[in-house]
Amino acid sequence: MEIDIRKGGICGHATWREVRIKEGGTTINFDVSEGNELNSFREAILSAVFGDMSTDEVIKYLNESGYSEEIIERYEEEKSEAA
């Protein structure tokens, strides 16, 4: 699945983002407003992606993907403090 979020237009006081989701030969296009709606959409995507993973699996993914060492170090510190 491929998800693309691009800057959309402005209508009144709202700014919109164009979202395109592609999978196989199917494409879905829709708009979300910036702010709470866009944040809720991003949270739903993150929950779907990481929801079935253990924390260790998420950290492994972040590490392999080159995310900040600070995030990983903070998690490892909290994990050792909890033990």
Side-chain angles (χ1 to χ4, degrees):
M1 181 181 302
E2 195 178 311
I3 300 172
D4 185 29
I5 301 174
R6 297 175 182 239
K7 197 162 194 114
I10 297 173
C11 182
H13 296 289
T15 303
W16 297 87
R17 296 286 179 151
E18 297 173 358
V19 178
R20 178 180 301 149
I21 300 174
K22 288 182 177 182
E23 186 172 28
T26 306
T27 301
I28 300 169
N29 294 304
F30 57 95
D31 296 330
V32 296
S33 63
E34 286 188 351
N36 290 338
E37 187 177 15
L38 183 59
N39 290 338
S40 293
F41 177 71
R42 287 180 175 148
E43 287 173 16
I45 290 172
L46 289 172
S47 291
V49 171
F50 293 118
D52 292 331
M53 296 172 79
S54 70
T55 306
D56 288 331
E57 290 172 319
V58 172
I59 293 301
K60 180 181 176 189
Y61 167 80
L62 293 173
N63 194 20
E64 290 172 351
S65 300
Y67 283 85
S68 173
E69 297 266 337
E70 181 182 315
I71 294 169
I72 297 165
E73 289 172 6
R74 195 172 348 151
Y75 161 71
E76 289 174 348
E77 285 174 12
E78 290 177 12
K79 186 177 176 182
S80 65
E81 288 174 6

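Remark: Ile10 CD1 to Thr15 OG1 distance equals 4.5 Å, nearest 0.5 Å.
In terms of the side chain to side chain contact (heavy atoms under 4.5 Å, CB included) criterion, residue partners of Lys22 (sequence neighbours excluded) are, by chain and number, Glu2, Arg20, Thr27. Residues passing the salt bridge (charged side-chain N to carboxylate O under 4.0 Å, His left out) test with Asp31: none are found, sequence neighbours excluded. Remark: Arg74 engages Glu70 in a salt bridge (charged side-chain N to carboxylate O under 4.0 Å, His left out) (not counting sequence neighbours). Take Asp4 and apply the side-chain hydrogen bond (donor to acceptor under 3.5 Å, both in side chains) test, not counting sequence neighbours, and it matches Arg6. When the side chain to side chain contact (heavy atoms under 4.5 Å, CB included) test is applied to Tyr61, the partners found at least two apart in sequence or on another chain are Phe50, Met53, Ser65, Tyr67. With sequence neighbours excluded, the residues forming a side chain to side chain contact (heavy atoms under 4.5 Å, CB included) with Ser54 are Asp56, Glu57, listed by chain and number.
Hydrophobic clustering, with ILVMFWY side chains joined whenever heavy atoms are under 4.5 angstrom apart, groups Val32 together with Ile45. Residues Ile28 and Val49 fall within the same hydrophobic cluster, defined by Ile, Leu, Val, Met, Phe, Trp and Tyr side chains chained together at heavy-atom separations under 4.5 Å.
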Report, one line per pair, each donor and acceptor closer than 3.5 Å where one atom sits in a side chain of residues 34-41; sequence neighbours left out.
from: Glu34; atom 1: OE2; to: Arg17; atom 2: NE; distance (Å): 2.7
from: Glu34; atom 1: OE2; to: Arg17; atom 2: NH2; distance (Å): 3.0
from: Glu37; atom 1: OE1; to: Ser33; atom 2: N; distance (Å): 2.9
from: Glu37; atom 1: OE1; to: Ser33; atom 2: OG; distance (Å): 2.9
from: Asn39; atom 1: ND2; to: Gly35; atom 2: O; distance (Å): 3.3
from: Ser40; atom 1: OG; to: Asn36; atom 2: O; distance (Å): 3.0

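Within the structure, the salt bridge (Lys or Arg N to Asp or Glu O under 4.0 Å) test picks out no pair touching residues 40-50 (sequence neighbours left out).
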